[in-house]
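Hydrogens, waters and symmetry mates play no part in the numbers below; they use all other heavy atoms, side chains included. Protein chains get the first letters and strands the later ones, always in sequence-line order, with residue 1 at the start of each.
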2 protein chains.
Amino acid sequence: MTTVRGARARARIEITAAIKDEARTQLAAEGAAKLSLRAVARELGMVSSALYRYFPSRDDLLTALIVDAYDAVGAAAERASAEAEAERPLDRWTAVCRAVRAWALAHPHEYALIYGSPVPGYTAPQDTIAPAARVGLVLIDIVRGAHTGEGVALPPLPDALSPEAERISTDLVPDLPPALAVALVAAWAQLFGLVSFELFGQFQRVVEDRDPFFTAAARRLGQDVGLLPGG
Amino acid sequence: MTTVRGARARARIEITAAIKDEARTQLAAEGAAKLSLRAVARELGMVSSALYRYFPSRDDLLTALIVDAYDAVGAAAERASAEAEAERPLDRWTAVCRAVRAWALAHPHEYALIYGSPVPGYTAPQDTIAPAARVGLVLIDIVRGAHTGEGVALPPLPDALSPEAERISTDLVPDLPPALAVALVAAWAQLFGLVSFELFGQFQRVVEDRDPFFTAAARRLGQDVGLLPGG
DNA sequence: ACGAAACGAGAGCACTGCTCTTGCTTGCGA
DNA sequence: TCGCAAGCAAGAGCAGTGCTCTCGTTTCGT
């Protein structure tokens, strides 16, 4: 049997989920800094030491939440992409960007957990790298689907960038020209720059009506990666 | 006398500076999360309660460090802009972007403090808003200095964005066209998206040779705000 | 020269993450 | 079917945290 072994195993995954749920609740309420293992345990009616049977440390709990958060934004992006499948590539790109922003606004603390300052001197655990790539893959897919041979005139690559551009291209999108690969990675980072600035308060007293602003900026980003307004 | 009143006042500003210095050291070593008032006090040979004569709380100490950090990046950007004053606007823009990135790489924890996740539900103290604007002002200056009437063809503004574009323009750069103002704000946010992604590890296994990549992206950003490669 | 304000030291409170020990319960293998 | 190892919760405890309050001392303006 590959199914659950018994009552004990089932209980374990249920409790693990309950811990993550309660932790997520506290995260949403107070932020990552104030997430307290003892408070989680208290709320769940257990004693703090019992919690260490499920997560070896507070950081491991946080890592689990990080993975879940990456999966959540990734899923939101994938859903948006699927729903806009019939639309023109540039509209689809914009829809995905808007979905990412919407998820971020709905889950600010979880967003901060993954795109804010990571614990410094800390290298991302292996578990996080695959989920972290999901949004990027969605964007890649849209651009790849739209790339019809030699559509757009991309700015020429400076010589110093050529080797790196080749590397990025072969690693990520071997079927697209290197200049596009570079533009894509840059647009990906810039998208989260827009979201982060809005979420982290840098737009206070600068941008008031943020939805149209973001939409226009995201659309522009799409044009930067070769998606044409015409379709 | 408007000068220092006496030994006591002089001592106060010296001790305040010493506290900030030591705090900055700990920040650089371990990150904001592990910055401990008690450890700072210990290192300075005083008792923790004495420290509260200078900063009413840990958050106030952090706020002071935030202001200093904003001033530091701002100063770095201004310096770069001044040094590149003779160059073509696009090169000057790129130089400023590179200076921001260089400062961030040199002071990762301080960068994270200001452009990473701010304590959520938290609104920036009044003291931080002026220093926070410095980098943006430098960028504005370069673009304004380069704007010669009707140089570039900016993409048309969607209707939904027009009112907000007017607002941003009159607030920030009344002498430039609204479409340019919007592009400028977006480029500003996108610049920090690039820096943050590099610093926070999102480029791991994606971009290896980051200097030319960043330079090209920053240059592209400059073109997005109407700076021409030709000069 | 006096009194108020500023200051440093110390004790103490409530809280944190984490460890260790002590028993109870579960469930697998003999 | 039974026994024993593993899984588990509970409690006590340690070292550390931010912050408060009190108590003498020093400094400085009047």
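Within the 3.5 Å criterion, the main-chain N or O of B:Phe192 finds a donor-acceptor partner in the side chain of B:Ser196. At distances below 3.5 Å, at least one donor-acceptor pair connects side-chain atoms of B:Trp93 with backbone N or O atoms of B:Ala218. Side chain of B:Thr128 to main chain of B:Val67: no donor-acceptor pair is present (N/O by atom type, distance under 3.5 Å, no hydrogens or angles).
With sequence neighbours excluded, the residues forming a salt bridge (Lys or Arg N to Asp or Glu O under 4.0 Å) with A:Asp141 are A:Arg144, listed by chain and number. Evaluation of the salt bridge (Lys or Arg N to Asp or Glu O under 4.0 Å) rule for B:Arg134 yields B:Asp71, B:Glu78 as partners, not counting sequence neighbours. For B:Asp211, the salt bridge (Lys or Arg N to Asp or Glu O under 4.0 Å) criterion is met by B:Arg98, B:Arg101, not counting sequence neighbours. Not counting sequence neighbours, the partners of B:Arg24 by the salt bridge (Lys or Arg N to Asp or Glu O under 4.0 Å) test are B:Asp21, B:Asp68.
Rounding to whole angstrom units, CG of residue B:Asp60 and P of D:dG18 are separated by 13 Å. The interatomic distance linking A:Arg58 (CZ) with D:dT17 (P) rounds to 15 Å, in whole Å. Computed from coordinates, the A:Arg10 CZ to C:dG27 P distance equals 9 Å when rounded to whole Å. We find that CG of A:Leu44 is positioned 11 Å from P of D:dA9, with the value rounded to whole Å. In this structure, B:Tyr52 atom OH and C:dG12 atom P are separated by 18 Å, rounded to whole Å. Straight-line distance from the CD1 atom of A:Ile19 to the C1' atom of D:dC8: 12 Å, rounded to whole Å.
Ring orientation note: the planes of B:Tyr111 and B:Trp103 are tilted relative to one another, at an angle of 30° to 60°. Ring geometry, A:Phe197 versus B:Tyr115: the interplanar angle falls under 30°, so the pair is classed parallel (tilted spans 30 to 60°).
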Scoring nucleotides 1-8 of chain C by protein non-hydrogen atoms under 4.0 Å (B base, S sugar-phosphate only, - none) yields -----BBB
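Donor-acceptor pairing under 3.5 Å, judged by distance alone, is absent between the side chain of A:Ser49 and the base of D:dA9.
Backbone-only engagement by A:Ser57 is indicated by non-hydrogen atom pairs under 4.0 Å involving sugar-phosphate atoms exclusively.
Within residues 35-43 of chain A, the residues having any heavy atom under 4.0 Å from DNA chain C are, by residue number, A:Leu35, A:Ser36, A:Leu37, A:Arg38, A:Arg42.
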